[in-house]
Protein chains: 2
Amino acid sequence: MNPQSALAPASSDLADLIARTPARHRTATGFVEATLRAAILSGRLSGGTPLRQEDLAAAFGVSRMPVREALRQLEAQALIDFVPHKGAVVTEISAADAADTYAIRLALEPAALALSIPNLTADDLARAADLIADMDGEPDPSRMGELNRRFHMSLYGRAGHPKLLALAESQLAAFDRYLRFHLAAKGPEHLSQEDHRAMLAAAAEGDIGRATDVLRRHIATAADTIARFFAERLSAENPFAAR
Amino acid sequence: MNPQSALAPASSDLADLIARTPARHRTATGFVEATLRAAILSGRLSGGTPLRQEDLAAAFGVSRMPVREALRQLEAQALIDFVPHKGAVVTEISAADAADTYAIRLALEPAALALSIPNLTADDLARAADLIADMDGEPDPSRMGELNRRFHMSLYGRAGHPKLLALAESQLAAFDRYLRFHLAAKGPEHLSQEDHRAMLAAAAEGDIGRATDVLRRHIATAADTIARFFAERLSAENPFAAR
DNA sequence: CAGATGTTGATTGGATCCAATTTTCAGGTA
DNA sequence: TACCTGAAAATTGGATCCAATCAACATCTG
């Protein structure tokens, strides 16, 4: 998998990705940043892919400048690394990185949930229930990631600490990079919907202890699934996954 | 406090700040980003200050381009907001924002400490002890912030999750924006050195429960101090602090 | 034939220039 | 006098251009 062959499909993917992205972003920089971010998180741009500024500029139909600014923002989000004279490369996913992400989720999300539960409204709980229902029949992994994120955030949303919530949400988004593997390992219908239901029930009763226990177990189980998946599949099939 | 009068001293401060900053950053973008970041975290550039690209470019002796890239990175770190045709403005500090930062610290740091303690070496503990000693006689608030951050990170450093550690460190750095107020309220010699010593002792014994308890209390106390400071001083003396 | 070396191509970092939009202030009018 | 209107100044977003640096490849030599 040399850079050339890796980039060619990525570029064509980008072209149609751009065509289907809603034109809600006013500035070119914001548009490029959001599109690239979505492409990386969804796995469309896989780890190690070099992103050359000129190619991106051509694909987006803009100059290199907004591309550069967007890349700087993605760098600040740890989604890419700047390698001098090589281009910005998408950071690799790995078992260790997944464990890292889960450790952060395990620290942040129970805290957010505990702060939020006392302030949850009936409306919040209804929306969360709706999202569980939506997830039940969702076959598309990237839609599933979005629904899963919205479900979790709907339960954390009343925590009252915007930065804490923003951090939790960005980690949930980072989790999307692994969701595809998770779904591949367990099948879409098994995305711990029992956990989601149990968490919602505990939250509805205002039982903070039980809700956070379920959440912690939920995250730990997911971490375990991914760790096993990496150990069993990727290391055998793809030697690059290990590094 | 109109934008003009606020900017003038900030610009001159920047000029001498630049003169005293070590020239370790190779690229102009990295240099600008690090310098501005330090200026914001240390309070030299206070909340609400507009940062006009042209002024910054002139102050740094570079063109507007590296300034813009640096500002994008700071935006991704939530230190500034882009306001069209007004310039990038430094985000405001407030009691609510401080509480937010402390909530995040309370979630991340005990988790990092618990993961790290089993792997701490005698060397790590010795360095932590040295840092406590250094803090004892340090009058400069910004040096103090650096030492405090290094002390905490020396105890978390063996947690083995780079992203978790990076997140914890960035939150500790964000705390620097409030450290000045903390020191003003309690005096430099009272920066909870007893807590630091107790935490180090528990860590040295491998007592995770006690160490994390001390840490939680340490952070909660600091949060309390800041909250009271904002309530008692700033709201009375400076109506802008409330918003 | 293997290894060192020089040259060329590719890629990024930075500077300058242009366009679009908003804010501000001066002037006129009810 | 207060308010509305319009023009100019200021500021950012984006494009194009130039310089510096590094990687790869062909070539030359021992």
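Proteins come first, then strands; the chains are lettered A, B, ... in the order of their sequence lines, and each starts at number 1.
Taking 3.5 Å as the limit, the base of dG13(C) and the side chain of Arg64(A) contain a donor-acceptor pair of atoms between them.
Judged as a side-chain contact (heavy atoms from CB on, under 4.5 Å), and not counting sequence neighbours, the contacts of Leu106(B) are Arg216(B), Ile219(B). The ring pair (Phe, Tyr, Trp, His ring centres under 6.0 Å) check on Phe82(B) picks up nothing, with sequence neighbours excluded.
Distance Arg52(B) CZ to dT24(C) P: 12 Å, rounded to the nearest Å. Atom CZ in Arg68(A) sits roughly 12 Å away from atom C1' in dT16(D) (whole-Å rounding). Separating the CZ atom of Phe60(A) from the P atom of dG13(D) is a distance of 18 Å, rounded to the nearest angstrom. The nearest whole Å value for the distance from the CZ atom in Phe82(A) to the C1' atom in dT11(C) is 12 Å. Rounded to an integer number of Å, the gap from Glu69(A) CD to dT12(D) P is 12 Å. Between Leu71(A) atom CG and dT12(C) atom P the separation is 9 Å, expressed in whole Å. Between the P atom of dA10(D) and the CD atom of Glu54(B) lies a distance of 10 Å, rounded to the nearest Å. Distance, Glu33(B) CD to dG13(C) P: 14 Å, rounded to whole Å.
Shown here for Ala173(A) and Arg37(A), the closest heavy-atom pair between the two residues is CB-NH2, 3.7 Å. Closest approach of Ser154(B) to Leu120(B), counting heavy atoms only: O-CD2, 3.7 Å.
With ring centers used as reference points, Phe175(B) lies under 6.0 Å from Tyr102(B).
Between the side chain of Ser116(B) and the backbone N or O of Ala112(B), no donor-acceptor pair lies under 3.5 Å.
One finds a side-chain N or O of Thr29(B) lying less than 4.0 angstrom from the OP1 or OP2 phosphate oxygen of dG14(C). Using a 4.0 Å cut-off, some side-chain N or O of Gln53(B) falls inside it from OP1 or OP2 of dG13(D).
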All N/O pairs under 3.5 Å across the protein-nucleotides 19-21 of chain C interface:
from, atom 1, to, atom 2, distance (Å)
dT21(C), O2, His85(B), ND1, 3.3

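Counting only heavy atoms from C-beta outward, the side chains of Pro162(A) and Asp100(B) approach each other to under 4.5 Å.
Listed candidates were dG14(D), dG13(D), dG14(C). Nearest to the side chain of Pro66(A) is dG14(D).
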